[in-house]
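Comments concern the structure below.
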Amino acid sequence: MFPGVCVTRGGFAHRCSKLRAFPGTVRAPSPLQVNPLWVSAYSSAGSQHNEKYCLDIVRTRDYDGFLCSLLLPSAARRASLALRAFNVEIAQVKDLVTQKSTGLMRMQFWRMAVEDVFRDKPPEQPVGAELWLAVKKHNLTKRWLLRIISEREKDLEDKTYRNLQELETYSENTCSALLYLILESLGVRDVHADHAASHIGKAQGVVTCLRATPYYSQWRKVYLPMELCMLHGASQEDFMRGSREQSVKDVVYDIASQAHVHLQHARSFARNVPTAAFPAFLQTVVLEDYLQRVRKVDFDVFHPTLQKRNPLLPIQLYLRSWKAVY
């Protein structure tokens with residue numbers, strides 16, 4: 001469908017460095033001492049409110065992630081929703097604030113909340129409290145949570161990506177980091193699963209950049225890699241006015257091609273990935289759906305059909321989950 005493009009492997013090597021020996025194993029998190037406060041938190045009315053809060057915010061702001069979380073094993077579902085709610089809270093800071101200083105303050109709030117979580121001090125905030133429960137139950141890695149915050153904080157600069165590599169680095173440090181955490185909630189710590197998560201996360205970040213283009217163009221903002229725009233002679237003004245010229249489509253084609261290459265690469269070694277990791281990669285269904293639809297409209301990123309939700313997506317996700325493939 002798309003031509004081959006050179007794939008970079010950004011932060012994957014750094015991720016692998018944290019893995020234990022014997023990379024082909026799936027291990028449960030190290031046993032933790034049971035804290036009475038932890039046990040009561042799960043059964044309290046306040047905890048039920050926190051869980052519902054996370055579910056509602058993910059369903060509203062990350063519907064695709066919400067559907068994927070529902071198909072996870074029950075033991076990991078609540079943690080996944082907490083992680084995705086945390087990601088939503090961090091991601092929406094950029095769109096909610098008008099001054100960078102305010103955004104930095106919110107990022108610092110979340111950085112302190114994560115530190116409190118790992119000091120065994122549950123934050124008095126629904127997402128933070130649920131995150132604390134997830135960390136306690138699944139022994140999640142603090143580094144990935146802080147990396148998401150740091151990368152989103154850099155994004156407050158509101159700068160256009162210079163090239164595809166910058167976009168992929170951003171995707172690795174946000175989307176891939178989230179997948180690493182979801183893998184941990186599934187009890188999977190495996191080098192091949194992490195390698196797949198790295199590429200799938202990059203594909204997700206690239207596709208998200210394309211999907212958000214019509215929205216940001218209304219605010220006269222363009223985040224597509226400048227290098228590709230210059231290569232095809234497409235200006236930022238072309239995207240701001242929703243141009244459907246061939247130069248604009250060529251930029252979209254190249255970006256979509258790179259996302260497709262990452263998906264293909266992640267699937268090329270699926271036989272080495274533990275089956276227990278597959279539920280974390282259901283996002284590939286969403287990405288594949290968008291790439292197929294943008295191809296059908298000849299890479300016109302502003303086509304009205306791309307702004308509509310695919311009503312068959314829940315069924316497609318369920319079937320992929322039932323087949324245990326990604």
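Because the structure is predicted, anything quoted here is derived from the model rather than measured. Nothing fancy with the numbering, it's 1 onward along the sequence.
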Counterpart residues, side-chain contact (heavy atoms from CB on, under 4.5 Å), relative to Thr213 (two or more places apart): Leu224, Phe239, Val301, Phe302
Aromatic ring pairing Phe269/His192, orientation class (parallel under 30°, perpendicular over 60°, tilted between): tilted
Audit row: His138, Glu184, side chain to side chain contact (heavy atoms under 4.5 Å, CB included) steps and yes/no: CA-CA 7 Å; His138 301 286; Glu184 290 182 345; 5.7 Å; no
pair Gln264-Val261: side-chain heavy atoms closer than 4.5 Å: no
Arg119/Asp116 salt bridge by N-O under 4.0 Å criterion: yes
Rounded distance [0.5 Å steps], CG in Leu263 versus CD1 in Ile200: 7.0 Å
Trp219-Tyr223 co-clustered via ILVMFWY side chain contacts under 4.5 Å: yes
Nearest-0.5 Å distance, NZ of residue Lys202 to CG of residue Leu179: 12.5 Å
Asp158 backbone acceptor or donor facing Lys221 side chain under 3.5 Å: no
Val127 vs Val88 side-chain heavy atoms within contact, under 4.5 Å: no
Gln204 versus Ser171, side-chain donor and acceptor atoms under 3.5 Å: no
Ring geometry between Phe299 and Tyr253 (parallel below 30°, tilted from 30 to 60°, perpendicular above 60°): perpendicular
Joint cluster assignment, Leu231 & Ile255, ILVMFWY side-chain distance < 4.5 Å: yes
For Asp56, all residues meeting salt bridge (charged side-chain N to carboxylate O under 4.0 Å, His left out), sequence neighbours excluded: Lys52, Arg59
Residue among Leu72, Val285, Leu71 satisfying side-chain contact (heavy atoms from CB on, under 4.5 Å) with Ser321: Leu71
Full working for side chain to side chain contact (heavy atoms under 4.5 Å, CB included) between Leu210 and Tyr290: CA-CA 10 Å; Leu210 283 178; Tyr290 180 83; 4.0 Å; yes
Pairwise side-chain contact, Leu145 with Leu83, heavy-atom cut-off 4.5 Å (strictly under): yes
Interatomic spacing from CG in Asp194 to CZ in Arg189 - rounded to 0.5 Å: 9.5 Å
Single-linkage hydrophobic cluster Phe118~Met112, side-chain heavy atoms < 4.5 angstrom: no
Heavy-atom pair with the smallest gap, counting every atom of Ala277 and Leu186: O-CD1, 4.4 Å
Gln218 atom CD, neighbour heavy-atom count above 12 within 6.0 Å: yes
Gln258 and Asp254: side chain donor to acceptor below 3.5 Å: no
Under 3.5 Å: donor-acceptor pair, side chain of Asp298, backbone of Asp300: no
Heavy-atom pair with the smallest gap, counting every atom of Pro304 and Arg244: CD-NH2, 3.5 Å
Side-chain heavy-atom pair Leu178, Trp144 within 4.5 angstrom cut-off: no
CZ on Phe109 to CD on Glu89, rounded to 0.5 Å: 8.5 Å
Contact check, side chains of Leu104 and Glu153, non-hydrogen atoms, under 4.5 Å: yes
Arg295 and Gln292 side chains, donor-acceptor separation under 3.5 Å: no
Sidechain N-carboxylate O distance under 4.0 Å for Lys142, Glu115: yes
Shortest non-hydrogen contact between Lys137 and Ala75, atoms and distance: NZ-O, 3.2 Å
Contact summary for Val252 and Val294, nearest pair of heavy atoms: CG1-CG2, 4.2 Å
Side chains of Arg152 and Val93 in contact at under 4.5 Å (non-hydrogen atoms): no
Short side-chain to backbone donor-acceptor contact, Thr174 and Tyr170, under 3.5 Å: yes
Residue pairs, two or more places apart or on separate chains, that pass salt bridge (charged side-chain N to carboxylate O under 4.0 Å, His left out) and touch residues 306-326: Glu288-Arg320
Val251 to Cys229 - nearest heavy-atom pair and separation: CG2-CA, 3.9 Å
Spacing of Arg143 atom CZ and Arg147 atom CZ [to the nearest 0.5 Å]: 6.5 Å
Closest non-hydrogen atom pair, Leu317 against Cys68: CD2-SG, 4.0 Å
Residue that, paired with Ile149, satisfies side-chain contact (heavy atoms from CB on, under 4.5 Å) out of Lys154, Arg111, Arg106: Arg111
Validation row: Gln283, Ile182 side chains within 4.5 angstrom (heavy atoms): no
Side chain to side chain, Arg162 and Glu227, heavy atoms closer than 4.5 Å: no
Sidechain-backbone polar pair: Ser217 side chain, Pro214 backbone, donor-acceptor under 3.5 Å: yes
Criterion side-chain hydrogen bond (donor to acceptor under 3.5 Å, both in side chains) on Ser235 and Asp238, from CA distance to verdict: CA-CA 5 Å; Ser235 67; Asp238 290 334; 3.3 Å; yes
His199 side chain to Ala266 backbone, donor-acceptor under 3.5 Å: no
Thr305 backbone acceptor or donor facing His303 side chain under 3.5 Å: yes
Arg78 side chain to Ser47 side chain, donor-acceptor N/O pair below 3.5 angstrom: yes
Under 3.5 Å donor-acceptor, Ser176 side chain and Ser198 backbone: yes
Residues Met105, Val97; criterion side chain to side chain contact (heavy atoms under 4.5 Å, CB included); working and verdict: CA-CA 10 Å; Met105 290 174 61; Val97 301; over 6 Å; no
